[in-house]
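Have a look at the structure below before the remarks.
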Amino acid sequence: MSSITKTVESASVYRPDVIEARWRERWEADRLYETPDESERPKWYSLTMYPYPSGILHIGHWYAFAVPDVFARFQRMRGYNVLFPMGFDAFGLPAENAAIRHNIHPAEWTFDNIDRMRAQYRQMGAMIDWTREVITCTPEYYHWNQWLFLKMLEKGLAYRQAGAVWWCPKDQTVLANEQVLEGNICERCGSEVIKRDLEQWYFRITTYVDELLEELDHLDWPERVKTMQRNWIGRSEGARLTFAVEGGEPLEVFTTRPDTVWGATFMVLAPEHPLVGKITTDEQRQAVEAYVTAARNQSEIERMSTDAAKPKTGVFTGGYALNPITDERIPIWIADYVLMGYGTGAIMAVPAHDERDFAFARAFDLPIRVVIQPEGEALEVATMTEAYHGSGVMVNSGQFDGTPVPESIPAVINWLEETGRGTAEVNYRLRDWLVSRQRYWGTPIPVVYCENCGMVPLSIDQLPVELPLDAAFTPTGQSPLVSHAEFLNTICPACAGPARRETDTLDTFVDSSWYWFRYTSPHDQREPFTPELAHKWTPVDLYCGGIEHAILHLLYARFITKVLRDIGLTEHSEPFVRLRNQGMILAEEGTKMSKSRGTQVSPDELVRDYGADSLRLHLMYLGPWDQGGPWNTRGITGMERFIRRVYGLVTETVELSRSGHAEPETARTLERLTHRTIQRVTTDLLDFQFNTMVAALIEFSNGLIDLKTPELMRTAEWRAALQTLVLLMAPSTPYVAEELWEQLGEHYSVHTQSWPAFDEALAQDDFVEMVIQINGKLRDRVVLPANASETSAKTAIRNAEKIAAALDGVEIVKEIYVPGRLMNFVVKPK
RNA sequence: GCGGGCGUGGCGAAACGGUAAACGCUGCGGUCUUAAACACCGCUGGAGCAAUCCUUGUGGGUUCGAGUCCCACCGCCCGCACCA
């Protein structure tokens, strides 16, 4: 008895655990998701940002990955040869921290995590071609980071330079800014850290700055991301001026407001400015040196403080410069509000028209002179409470007096150039990319230091420089490479004398700056990737990922693509044609999900309880994908119910024998419902509107349930509608769609079928309900044939009971007729 | 401060300038069940017995007609931030 019940149940009850395991195995055995390089079909490269192998896929990973998977599947059914690869961004600090904390090797920790996460992606039902997997911490991958580094070195795009970095005297190591705690305390050992000048490796991204800025205009990316990149690049136009210094070398400044130079009443240098020592007089030396030391040891966070009201600090150097236009003698100060990293590290201060200079002048009682007067107003220095930077005309500026503000800037620049007093200049905020890291778990930089020859790059055929895995990993906070004698000591490729290897490794952003090329030929042993294959697949047609990578990753990826182009490996300049960002999934109460507060959601549990298909639907249904929002566990039951209802429709149908055709009217209803749904689902998917796409699927199934009768369920028309529903569900719910496709007796696999086409005419209603308004207020509704003529529609509307009564005896001023939608009578009441 | 976005039922949300609240969740009532779960049916923005009226953060404007367009304000979120 019980066994019979069970058999009946297993055939007609939706069991995601059984279905999903079964089809997953079948797909893998059949290599259903392997992408051939050769195909008649047009290519589509759908890329999702690869994850860091932190150990477990959380719900955010599902959101970021399952939804683009739906799109990739949709594109496959639409006839594209779709490349949808996956890999792991496997170098980085967390692996080293795990090693220090748990005494487990970073490699072991990383590969264990990858195994777990790969299994989770399989569970998701993602259409990943795993034969193309890329793991960046393998020599097969980082070999090509080293290759790229050597090529860039050769082209002058990689260089070494001294720069100030945080240094912990106890740990004898460089620290990242994030590792310096408030009060300049080392995160690892608690001792006080200092700034030190160390040689670091840089990539010359500034070479490409104009291209990086200009090409943004042509990318199909969210405007927000493009704006962030533009701000980061920070182009500003202005002029360079030279100020003579009494008894010293001249000072160069950059200014965006050369038209205010007549108001420059003092100068300010960054504390790190190289000329500070020479300019400073003996009387001021002690004060200046104290200020420089203090500024130098301020943490970046303090220095870049968000507090706009932060009081200005600074010290007079004792030196004087000459204003090159007015020949006035003006004092030279130093202050930390002037940054060495921007412009020349020195400014001409125009306190009347710059709020920072104004605050500084007020704090130290320095002279202020108005050189821009707003029209119809007269600024008085004595009564000014803030700098003025609005419109107006130039005053106190010699022959330029009376020049209005926007034109004043080019006018003055022209004059400066003609008279040889200055030059037009464009400045950027973007700095070169510091790529060296004093860390173990990264790509070794392939150069050596020889006592005779200095720095010597390895040759291409000496690559890869393998990261030694037997490094002693003790929790000292030091990179094991420094104390790994076998790695460290080598011979010079130039003179064969003794040499030391570079122990710095490359920033992991280097790994992610070209990884999508590697997917196109992941096993190439001669080149980073095979140019013909890369040419076939790239650029990426659709790149999906988080907004947190809006600047660094995406900018570096664009930069390296241009470098690869100039090396001759690829032809295009921009890597990602289209970019879409998912929003962030928050905890139910609307805050960030957090492990410590236990507000994280485990996809594994949800899959166990509801199945991957329901979870995929639920993620799409939460709201617009780019918006994200609070998680809600209860809602997933609605998706489970929907799947069950469709499952029931199919299992009930296939139990019945087939016979006959539907009544013409019902057949038409089915046809309309079908075509309308295909249309909605197709356009919503193309627009990335996954939430309304799911709503359309649900409405289709609700419509079928309303029509359902035992007779209808035997007909060909009914089956055709069900088939279409299953096809439309295939991208979203790959498992149950495959199961139902089989139950309908169709040929495996649903995922290799063509996407259904729609006919807009067939999607139209035969009858429409028109809204009748009087003076814009809804008064009645009238159902009319969709193809009714304007005359017959108007007649029917006027004859409608409520309308006829309302129009009786009033003057109609105007009639607005919108075919198939609405009619509005504008009337004058009598 | 600068830049961008957003304010719609109890909740997530829909809505080419044209019926506001599709679809789902929750809740309530019912059917099935010994019971529960599942499932199914009905109701679910507010007021009113009803006809009907009101409702998209606030105030104004454009329009025959505004959630949608324009202006001002309030509130929230996200970037960037002493960049000369």
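A note on names: the letters A, B, ... follow the listed sequences, proteins ahead of strands, and every chain is numbered from 1.
For A:W62 and A:H618, the ring centers are positioned 6.0 Å apart or more. Ring centers of A:F360 and A:F358: at least 6.0 Å apart, outside the cut-off.
With rounding to the nearest 0.5 angstrom, the CZ atom of A:R240 is 4.0 Å from the CD atom of A:E425. We find the NE2-CG distance between A:H389 and A:D354 to be 7.5 Å, quoted to the nearest 0.5 Å. To the nearest 0.5 Å, atoms CH2 (A:W625) and CZ (A:R580) are separated by 9.5 Å.
B:C28 is paired with B:G42 under the Watson-Crick or G-U wobble criterion, all donor-acceptor distances under 3.5 Å. Pairing for B:G79 is with B:C2, a Watson-Crick or G-U wobble pair whose two hydrogen-bonding atom distances lie under 3.5 Å. When Watson-Crick and G-U wobble pairs are counted only if both distances are under 3.5 Å, B:G7 pairs with B:C74. Pairing for B:U34 is absent, judged as Watson-Crick or G-U wobble with the two contacts each under 3.5 Å. Checking B:U68 for Watson-Crick or G-U wobble geometry (two distances, each under 3.5 Å) identifies no partner in any strand. Of all nucleotides present, only B:G12 satisfies the Watson-Crick or G-U wobble test against B:C23, with each distance under 3.5 Å. B:G48 is unpaired under the criterion used here, namely a Watson-Crick or G-U wobble arrangement in which both key atom distances are under 3.5 Å.
Distance CG (A:L430) to P (B:C80): 15 Å, rounded to an integer number of Å. Straight-line distance from the CE atom of A:M340 to the C1' atom of B:C82: 16 Å, rounded to whole Å. Rounded to a whole Å, the CZ atom of A:R224 is 13 Å from the P atom of B:G4. B:G4 atom C1' lies 16 Å from atom CG of A:L216, rounded to whole Å. Atom CH2 of A:W232 is separated from atom C1' of B:A81 by 11 Å (rounded to the nearest Å). Look at CG on A:L586: it is 15 Å from C1' on B:C11, rounded to the nearest Å. B:G18 atom P lies 16 Å from atom CZ of A:R781, rounded to whole Å. We find that CD of A:E760 is positioned 15 Å from P of B:C16, with the value rounded to whole Å.
In this structure, A:S236 reaches the B:A84 phosphate: one of its side-chain N or O atoms is under 4.0 Å from OP1 or OP2. In terms of phosphate contacts, A:R429 brings a side-chain nitrogen or oxygen within less than 4.0 Å of OP1 or OP2 of B:A81. Within the structure, every side-chain polar atom (N or O) of A:K777 is placed at least 4.0 Å from both OP1 and OP2 of B:G18. Not one side-chain nitrogen or oxygen of A:N702 sits closer than 4.0 Å to the OP1 or OP2 atom of B:A22.
Distance noted for atom P between B:U55 and B:A21: 15 Å (whole Å). B:G17 sits 27 Å from B:U52 when the C1' atoms are compared, rounded to a whole Å. Distance check on atom C1': B:U68 versus B:C78 gives 23 Å, rounded to whole Å. Taking atom P on both nucleotides, B:U62 is separated from B:G3 by 29 Å, rounded to a whole Å. Straight-line distance between the C1' atoms of B:A51 and B:U44: roughly 23 Å, to the nearest whole Å.
RNA chain B is contacted by A:Y342, A:I347 of residues 341-353 of chain A, taking any non-hydrogen atom closer than 4.0 Å. For RNA chain B, the neighbouring residues in residues 684-694 of chain A, judged by any heavy atom under 4.0 Å, are A:N691, A:T692. The stretch residues 610-633 of chain A touches RNA chain B through A:Y621, A:L622, A:P624, A:Q627, each having a heavy atom under 4.0 angstrom from the strand.
With respect to A:R798 and A:E815, a salt bridge is recorded, a charged nitrogen being found less than 4.0 Å from a carboxylate O. Salt bridge annotation for A:R369-A:E328: present, with a cationic side-chain nitrogen under 4.0 angstrom from a carboxylate oxygen.
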Quick one: which protein N/O atoms are closer than 3.5 Å to N/O atoms of nucleotides 6-10 of chain B? Pair and distance per line, please.
none

Write out a two-atom table: protein N or O, nucleotide N or O from nucleotides 37-41 of chain B, distance below 3.5 Å.
residue	atom	partner	partner atom	Å
B:C38	O3'	A:R644	NH1	3.0
B:A39	OP1	A:R644	NH1	2.9

For nucleotides 64-66 of chain B, list the nitrogen or oxygen atoms of the protein found under 3.5 Å from its nitrogen or oxygen atoms, one pair per line.
residue	atom	partner	partner atom	Å
B:C64	OP1	A:K814	NZ	3.3
B:C64	O2'	A:N824	ND2	3.4
B:C64	O2	A:N824	ND2	2.6

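Side-chain atoms of A:Y291 come within 3.5 Å of backbone N or O of A:T313 as a donor-acceptor pair. For the pair A:D766 (side chain) and A:A786 (backbone), a donor-acceptor distance under 3.5 Å is absent. Judged purely by atom type and a 3.5 angstrom limit, A:T709 uses its side chain to pair as donor or acceptor with the backbone of A:L712.
Heavy-atom nearest nucleotides on RNA chain B were determined for A:A696 and for A:G234, and the one closer to the 5' end corresponds to A:A696. Residue whose closest nucleotide on RNA chain B sits further toward the 5' end, between A:E769 and A:E699: A:E769.
In this structure, B:G9 shows a glycosidic angle within 90 degrees of zero, which is the syn conformation.
Atom CE of A:M584 is surrounded by 12 or fewer heavy atoms from other residues, nucleotides or ligands within 6.0 Å. Environment of CZ in A:R224: sparse, with no more than 12 heavy atoms of neighbouring residues, nucleotides or ligands closer than 6.0 Å.
Taking the centre and axis of the six-membered ring of A:W232, the NZ or CZ atom of A:R429 falls inside the cone set by 45° and 6.0 Å. Remark: A:K814 fails to qualify as a cation-pi partner of A:F825 under the 6.0 Å distance and 45° angle criteria applied to the six-membered ring.
Note on A:R779: only backbone sugar-phosphate atoms sit closer than 4.0 angstrom, heavy atoms only; bases stay farther off. Contacts of A:E815 with the nucleic acid, taken as non-hydrogen atoms under 4.0 Å apart, are absent.
Closest approach of A:E237 to A:R235, counting heavy atoms only: OE2-NH1, 2.7 Å.
Ring orientation note: the planes of A:F254 and A:Y342 are nearly perpendicular, at an angle over 60° on the 30°/60° scale. A:Y647 and A:Y14 have tilted rings, their planes meeting at an angle from 30° to 60° on a 0 to 90° scale. By the 30° and 60° cut-offs, the orientation of the rings of A:H549 relative to A:H553 is perpendicular.
A donor and an acceptor atom, one from each side chain of A:T733 and A:D613, are nowhere located under 3.5 Å apart.
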- Message: Working note: A:Q764 + A:R676, criterion side-chain hydrogen bond (donor to acceptor under 3.5 Å, both in side chains); need CA distance, chi angles, decisive distance, verdict.
- Response: CA-CA 7 Å; A:Q764 298 301 317; A:R676 178 181 298 163; over 6 Å; no

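Inter-residue side-chain proximity for A:T692 and A:R680 is flagged as unmet; no heavy-atom pair is nearer than 4.5 Å.
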